Amino acid sequence: MKAILVNEDKSLRYDDVPDPIIKSDEVLVKIEAAALNRADLMQREGDYPPPAGCPEWMGLEVAGEIVEIGTEASKCSDWKMGDKVCALLGGGGYAEYVAVKYDMLMPVPKNCTMVEAAAIPEAFATAYLNLFIEGNIKEGNTLLMNAGASGLASVIIPMAKAFGVRVITTVLSDEIAKGISHLGADRVVVTTKEDISLVLKEELEAGHSVDVAIDCLGGEIMGKCIHYLTHGARWIMIAALAGRVTEIDLKNIYVRNVRIIGSTLRSRAPSVKAEILAGIVRDVYPKIEAGLVKPTIHAVLPIEKAEEAQDILYQGRNIGKVVLTVS
């Protein structure tokens with residue numbers, strides 16, 4: 001089969017690799033679509049290696065068709081040949097086929113295309129993990145989701161809204177704010193015009209301060225914002241795209257009982273990921289099939305144009321997910 005490989009100069013090529021050989025507890029999925037994530041860029045740069053035993057090529061979420069089932073996978077699950085599925089991977093999605101443990105699969109939601117389904121596993125699992133497990137968010141709470149135009153925000157914002165959460169998000173321009181209006185955030189802060197820390201201070205003084213923040217930016221502004229949260233709030237760090245260093249008033253942290261939580265999906269044990277996927281099917285799929293939550297697709301390109309697709313993420317031009325199709 002073919003897969004996307006990284007050359008020594010960090011460019012990409014679509015080249016031959018060995019066909020996957022499934023284990024007894026795995027199924028073989030013929031990939032129809034693979035969604036991009038910022039973690040793919042980190043892996044390409046050598047900063048985010050795949051877990052042991054995973055293919056060396058990138059790709060954390062795919063949609064496709066089951067074409068082979070291992071003996072144990074057949075006994076322990078209801079999956080059948082020909083089932084349309086989406087899958088959460090440790091790696092290996094930028095390819096024609098992938099071997100997947102049976103509990104890392106979800107059915108394709110009834111009202112989703114294969115392209116949309118490919119954009120569900122990683123983003124929805126990250127959203128579910130940080131909203132409901134790490135964030136313990138509840139109906140009536142307020143969420144701060146930074147970087148509102150990101151692929152992850154395009155999932156987290158409508159998912160939070162579907163569960164009765166008030167959402168504040170940040171973007172860089174009025175044009176981007178208009179582009180994410182369909183996500184339904186209650187307040188969109190254009191950070192070139194407003195200081196988000198002052199906005200959060202205003203929200204605190206108005207009596208509806210932030211209970212949970214999901215932050216992929218970090219940097220100097222994180223330390224300024226964390227002073228203006230609800231007592232007992234959770235600030236969840238999932239990346240540090242705006243800088244790894246900040247300054248925090250520690251007294252404010254213990255006086256307000258604020259928790260700073262570091263969180264990545266990829267580092268979780270397979271059993272934990274399986275529980276997250278089961279939770280998504282149980283809790284979130286009804287919202288998807290009711291049309292309340294759906295992946296936002298920014299662009300669809302053939303897998304041969306993986307480098308062009310990743311450039312969209314490198315340049316920050318996407319509002320929502322970029323997806324590769326595999327013919």
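Below, each value reflects all heavy atoms present in this structure, side chains not excepted, and no hydrogens, waters or symmetry copies. Quick caveat, the model's predicted, so the values are computed rather than measured. Heads up: numbering here begins at 1 and tracks the sequence.
For T296 and H182, the side-chain atoms include at least one donor-acceptor pair closer than 3.5 Å. For D40 and Q310, the side-chain atoms include no donor-acceptor pair closer than 3.5 Å. Of the N and O atoms on the side chains of N37 and K321, at least one donor lies less than 3.5 Å from an acceptor on the other residue.
No salt bridge links E26 with K101; every basic N to acidic carboxylate O contact stays at or beyond 4.0 Å. Looking at R13 and D15, a side-chain N of the basic residue comes within less than 4.0 Å of a carboxylate O on the acidic one, giving a salt bridge. We find that D103 and K273 are not joined by a salt bridge, their nearest charged nitrogen and carboxylate oxygen being 4.0 Å or further apart. With respect to the salt-bridge test (charged N to carboxylate O, under 4.0 angstrom), the residues E202 and R187 qualify.
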>> I'd like to know whether K251 forms a salt bridge (charged side-chain N to carboxylate O under 4.0 Å, His left out) with D249, so could you lay out the CA-CA distance, the side-chain angles of the two residues, the decisive distance to 0.1 Å, and finally the verdict.
In response: CA-CA 6 Å; K251 181 179 180 180; D249 179 352; over 6 Å; no
>> Assess the residue pair E247 and K224 against the criterion (salt bridge (charged side-chain N to carboxylate O under 4.0 Å, His left out)); give the C-alpha distance rounded to whole Å, side-chain angles, the decisive distance to 0.1 Å, and a yes or no.
In response: CA-CA 8 Å; E247 183 176 317; K224 294 179 178 179; over 6 Å; no
> E275 and R282: salt bridge (charged side-chain N to carboxylate O under 4.0 Å, His left out), yes or no, with the steps?
Replying inline: CA-CA 10 Å; E275 290 175 6; R282 180 187 65 244; over 6 Å; no
Using distance only, find each side-chain donor-acceptor pair of residues 67-77 under 3.5 Å and give its atom names and separation, not counting sequence neighbours.
residue : atom : partner : partner atom : Å
S77     : OG   : A73     : O            : 2.6
S77     : OG   : W79     : N            : 3.4

Only distances under 3.5 Å count here; give the side-chain donor-acceptor pairs of residues 263-270 to other protein atoms, sequence neighbours excluded, each with its distance to 0.1 Å.
residue : atom : partner : partner atom : Å
S263    : OG   : N130    : OD1          : 2.7
S263    : OG   : R268    : NH2          : 3.0
T264    : OG1  : S267    : OG           : 2.6
R266    : NE   : G90     : O            : 3.3
R266    : NH1  : Y48     : O            : 3.2
R266    : NH2  : Q43     : OE1          : 3.1
R266    : NH2  : G90     : O            : 2.6
S267    : OG   : T264    : O            : 3.4
R268    : NE   : T264    : O            : 2.9
R268    : NH1  : E134    : OE2          : 3.1
R268    : NH2  : E134    : OE2          : 2.9

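Residues in residues 191-220 take part in no ring-ring contact (aromatic ring centres under 6.0 Å, His included) pair, two or more places apart or across chains. Screening residues 83-122 for ring-ring contact (aromatic ring centres under 6.0 Å, His included), with sequence neighbours left out, gives no hits. Within the structure, every pair that satisfies the side-chain hydrogen bond (donor to acceptor under 3.5 Å, both in side chains) test and touches residues 142-162, not counting sequence neighbours, is listed here: N146-T170, N146-D215, K161-D186.
Side-chain contact between L229 and S209 is absent, with no heavy atoms from C-beta onward closer than 4.5 Å. Looking at heavy atoms from C-beta onward, Y285 lies out of side-chain contact with K110 at the 4.5 angstrom threshold. Looking at heavy atoms from C-beta onward, T325 lies out of side-chain contact with M114 at the 4.5 angstrom threshold.
In this structure, A119 and I297 approach most closely via the heavy-atom pair CB-CD1, 3.9 Å. The two residues K294 and C112 come nearest to each other via the heavy atoms CE-SG, 4.4 Å. Taking every heavy atom of both residues into account, A177 and V190 meet most closely at CB-CG2, 4.2 Å. Looking at every heavy atom in both residues, W57 comes nearest to G93 through CD1-N, 4.4 Å. The nearest pair of heavy atoms linking A123 to E61 is N-OE1, 3.4 Å.
Hydrophobic clustering keeps L89 apart from M42 (ILVMFWY residues linked when any side-chain heavy atoms are closer than 4.5 Å, directly or through intermediates). There is no path of hydrophobic side-chain contacts, each under 4.5 Å, that joins V323 to V62.
A donor-acceptor pair under 3.5 Å is formed between the side chain of N141 and the backbone N or O of K138. Using modelled atom types, one side-chain atom of T246 and one backbone atom of G223 make a donor-acceptor pair closer than 3.5 Å.
Each of V100, D83, L28 was compared with I66 under the side-chain contact (heavy atoms from CB on, under 4.5 Å) criterion, and only D83 meets it. A side-chain contact (heavy atoms from CB on, under 4.5 Å) with I157 is found for one member of V293, I168, V167 and no other, namely V167.
Under the ring pair (Phe, Tyr, Trp, His ring centres under 6.0 Å) criterion, F132 pairs with Y128, F163, sequence neighbours left out.
In this structure, CD in E203 is found 13.5 Å from NZ in K201, a value given to the nearest 0.5 Å.
Shown here is K305, whose NZ atom has no more than 12 heavy atoms of other residues, nucleotides or ligands within 6.0 Å.
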